[in-house]
Amino acid sequence: MLYNITHAADLDGMASAAFLARCHGMPTSNIIFINYGAQDVGRATEKLSGIRGGGNVLVITDFSMTRENSSMIDRALARFRRRGNSIIWLDHHPWPDSMIRKASKYCDLMVVGENTYFCGAELVYHLLCDRDRYGDELARITHLSDFWLKSKSRKDNEAVNAAALGIKQIRSYADWEERLRGYVHELSQHIDSRIILDAYEEYMRMTRPAMESMLKECGIIKSKRVKIGVGFGTMLSAQEACMAIIERLKCDISIYISAESMHGSIRSRRNKGTWGIDILKLAESLNGGGHPLAAGFSVENEGYDLSKAHDRKLVLDRIGKTAERLYGKRIRWFQQSTGRSVTR
């Protein structure tokens with residue numbers, strides 16, 4: 001039996017699961033959704049532990065092993081493997097060498113680490129699926145979404161936006177897992193999903209006041225050469241919020257932290273040559289990770305109450321001190337289109 005652990009936050013994770021359902025007949029009931037918070041990882045590994053017997057294949061997609069989640073994941077995957085099961089891990093995020101060594105002990109196939117050419121769903125498609133016209137189209141749209149690329153096609157951009165914000169809205173519902181499984185089922189057949197379009201319309205209706213409030217109260221951090229905008233809010237998509245902060249404040253880096261989940265997202269503004277300031281070290285200083293131009297972190301276990309102005313200031317001060325150290329003198333830049341880095 002085929003199972004999938006996939007990142008629940010965006011189209012990349014959903015399309016990864018959709019490819020497995022489309023190409024290998026995986027039931028959507030066999031999808032285990034995961035996110036980077038400790039509670040989410042704990043819930044996912046508990047579900048994995050509930051799979052009995054041997055001869056199963058688990059594909060982990062669009063999710064990385066980090067120092068923070070490695071203990072729980074390591075134990076769960078080791079038990080799964082001892083029962084005579086196989087594990088494939090496909091991910092395009094940066095991995096510490098120590099985590100690659102740890103996961104390689106029980107993976108039959110691993111393709112992980114920073115990848116500037118393929119997102120997670122594209123790895124699934126090219127390595128595990130036979131190509132066809134619809135698969136090519138889903139891979140193309142997912143690439144646009146995950147690499148934060150604008151298309152010349154208005155229809156493409158609308159599809160990417162609806163998916164990102166619709167998934168965010170679905171995850172606010174009590175039955176979000178079943179709704180996401182329904183979305184994966186539709187996505188395995190066609191991109192225009194009624195489930196996601198309904199959720200997108202609901203998201204836009206509910207969140208405009210929250211967006212404006214967040215933007216009005218943004219904090220600004222200035223080092224010698226870099227301007228960072230930081231917003232705190234509720235209900236908002238991290239991607240949309242970060243983009244809105246960059247546009248409103250004209251900053252180099254944007255950070256949005258959800259007062260609900262205590263998860264933060266960091267984005268670097270890109271110029272016409274797709275260069276941006278490398279924000280990975282900033283994310284790692286907050287016990288997070290991701291890509292040089294798009295990363296995430298969590299402060300859920302650090303005692304902050306982000307409904308309080310005092311605690312929000314503590315977070316701002318913490319980020320500011322790190323930014324001064326990282327961006328006070330020489331700055332590392334990353335070019336998305338080529339994967340090149342320069343320090344100047």
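This is a predicted model, so every value here is computed, not measured.
Once rounded to the nearest 0.5 Å, the distance linking CD1 of Ile228 with CG of Leu326 reads 8.5 Å. Separation of atoms CD1 (Ile167) and CH2 (Trp176) is listed at 11.5 Å; rounding is to 0.5 Å. Taking NE2 from His291 and NE2 from His92, the interatomic distance works out to 4.0 Å, rounded to the nearest 0.5 Å. Summarising the geometry, atom CD1 belonging to Ile73 is positioned 10.0 Å from atom CG belonging to Leu48; distances are rounded to the nearest 0.5 Å. Rounded to the nearest 0.5 Å, atoms CG (Asp136) and CD (Glu122) are 10.5 Å apart. Atom CZ of Arg171 and atom CG of Asp10 lie 9.0 Å apart (nearest 0.5 Å).
Side chain of Ser254 to main chain of Cys242: a donor-acceptor pair is present (N/O by atom type, distance under 3.5 Å, no hydrogens or angles). A donor-acceptor contact shorter than 3.5 Å is absent between the side chain of Glu68 and the backbone of Gly288. Looking at Asn85, its side chain never comes within 3.5 Å of a backbone N or O of Val57 through a donor-acceptor pair. No donor-acceptor distance shorter than 3.5 angstrom exists from the side chain of Ser265 to the backbone of Tyr256, with no hydrogens or angles considered. Remark: side-chain polar atoms of Thr6 are paired, donor with acceptor, to backbone N or O of Gly13 under 3.5 angstrom. Side-chain N or O atoms of Arg225 include one that pairs as donor or acceptor with a backbone N or O of Lys329 at under 3.5 Å. Remark: side-chain polar atoms of Arg332 are not paired, donor with acceptor, to backbone N or O of Thr343 under 3.5 angstrom. For the pair Arg181 (side chain) and Ile31 (backbone), a donor-acceptor distance under 3.5 Å is present. Here the side chain of Asp311 pairs no donor or acceptor atom with the backbone of Tyr304 at under 3.5 angstrom. For the pair Gln189 (side chain) and His185 (backbone), a donor-acceptor distance under 3.5 Å is present.
Side-chain contact between Ser49 and Arg79 is present, with heavy atoms from C-beta onward closer than 4.5 Å. Proximity of Leu11 to Tyr183: side-chain heavy atoms (C-beta onward) are separated by under 4.5 Å at one or more points. In this structure, the side chains of Arg131 and Tyr125 come closer than 4.5 Å at one or more pairs of heavy atoms. Counting heavy atoms from C-beta on, the side chains of Ile255 and Leu282 come closer than 4.5 Å. Counting heavy atoms from C-beta outward, Arg82 and Tyr106 have side chains that stay 4.5 Å or more apart. Between Asn30 and Leu2 the shortest side-chain heavy-atom distance does not fall below 4.5 Å. Between Phe232 and Val315 the shortest side-chain heavy-atom distance falls below 4.5 Å. With contacts defined as side-chain heavy-atom distances shorter than 4.5 Å, the pair Glu137/Arg133 does not qualify.
Met235 and Ile170 sit in two unconnected hydrophobic clusters of ILVMFWY residues. Membership requires side-chain heavy atoms under 4.5 Å apart, directly or through other members. Put simply, Met26 and Ile5 are part of two different groups of oily side chains (I, L, V, M, F, W, Y) that touch within less than 4.5 Å, one to the next. Under the 4.5 Å side-chain heavy-atom criterion for ILVMFWY residues, a single connected hydrophobic cluster contains both Leu197 and Val184. Both Val160 and Leu187 belong to a common hydrophobic cluster when Ile, Leu, Val, Met, Phe, Trp and Tyr are linked at side-chain heavy-atom distances under 4.5 angstrom. Note on Leu144: it clusters hydrophobically with Val124, by side-chain heavy-atom contacts below 4.5 Å among ILVMFWY residues.
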Phe63 vs Asn69, side-chain contact (heavy atoms from CB on, under 4.5 Å): CA-CA, chis, key distance, verdict | CA-CA 11 Å; Phe63 188 81; Asn69 66 33; 3.6 Å; yes

Would Met14 and Phe33 count as a side-chain contact (heavy atoms from CB on, under 4.5 Å) if you check the C-alpha gap in whole Å, the side-chain angles of each, and the deciding distance to 0.1 Å?
-> CA-CA 9 Å; Met14 300 302 101; Phe33 295 112; 3.6 Å; yes

Let me see the working for Ile220 and Cys251 under side-chain contact (heavy atoms from CB on, under 4.5 Å), right down to the final yes or no.
-> CA-CA 9 Å; Ile220 298 175; Cys251 52; over 6 Å; no

Going through the checks in order, is the side-chain contact (heavy atoms from CB on, under 4.5 Å) test met by Thr45 and Ile32?
-> CA-CA 9 Å; Thr45 53; Ile32 299 173; over 6 Å; no

Pair Asp156-Arg140, salt bridge (Lys or Arg N to Asp or Glu O under 4.0 Å): steps then yes or no = CA-CA 10 Å; Asp156 286 351; Arg140 185 183 68 84; 2.7 Å; yes

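Residue Asn271 places its CG atom among more than 12 non-hydrogen atoms of other residues, nucleotides or ligands, all under 6.0 Å distant. In the displayed structure, Tyr117 atom OH is contacted under 6.0 Å by at most 12 heavy atoms of other residues, nucleotides or ligands. For CD of Glu46, the number of neighbouring non-hydrogen atoms (other residues, nucleotides, ligands) closer than 6.0 Å is 12 at most.
Electrostatic pairing of Lys321 and Glu324 does not count as a salt bridge here, judged by no charged N lying under 4.0 Å from a carboxylate O. Using a cutoff of 4.0 Å between basic side-chain nitrogens and carboxylate oxygens, Asp252 and Lys227 are not scored as salt-bridged. A salt bridge links Arg194 with Glu201: the closest approach of a Lys/Arg side-chain nitrogen to an acidic carboxylate oxygen falls below 4.0 angstrom. Look at Arg43 and Asp40 and you find a salt bridge, because one of the NZ, NE, NH1 or NH2 atoms lies within 4.0 Å of a carboxylate O, short of that distance. Salt-bridge check for Glu217 with Arg248: failed, with every basic side-chain N at 4.0 Å or more from each acidic carboxylate O.
Every residue two or more places apart in sequence or in another chain that forms a ring pair (Phe, Tyr, Trp, His ring centres under 6.0 Å) with Phe118 is listed here: His126. By the ring pair (Phe, Tyr, Trp, His ring centres under 6.0 Å) test, Phe297 is found to be paired with no residue, residues two or more places apart in sequence or in another chain being considered.
Legend: salt bridge (Lys or Arg N to Asp or Glu O under 4.0 Å) pairs involving residues 143-154, not counting sequence neighbours, sorted by first then second residue: Arg154-Glu158.
Ring centroid separation for the pair Tyr36 and His7 comes in under the 6.0 Å cut-off.
There is no side-chain donor-acceptor pair under 3.5 Å between Ser16 and Asn4. Side-chain polar atoms of His190 and Asp192 form no donor-acceptor pair below 3.5 angstrom. If you check the side chains of Glu202 and Tyr173, you find no donor sitting under 3.5 Å from an acceptor.
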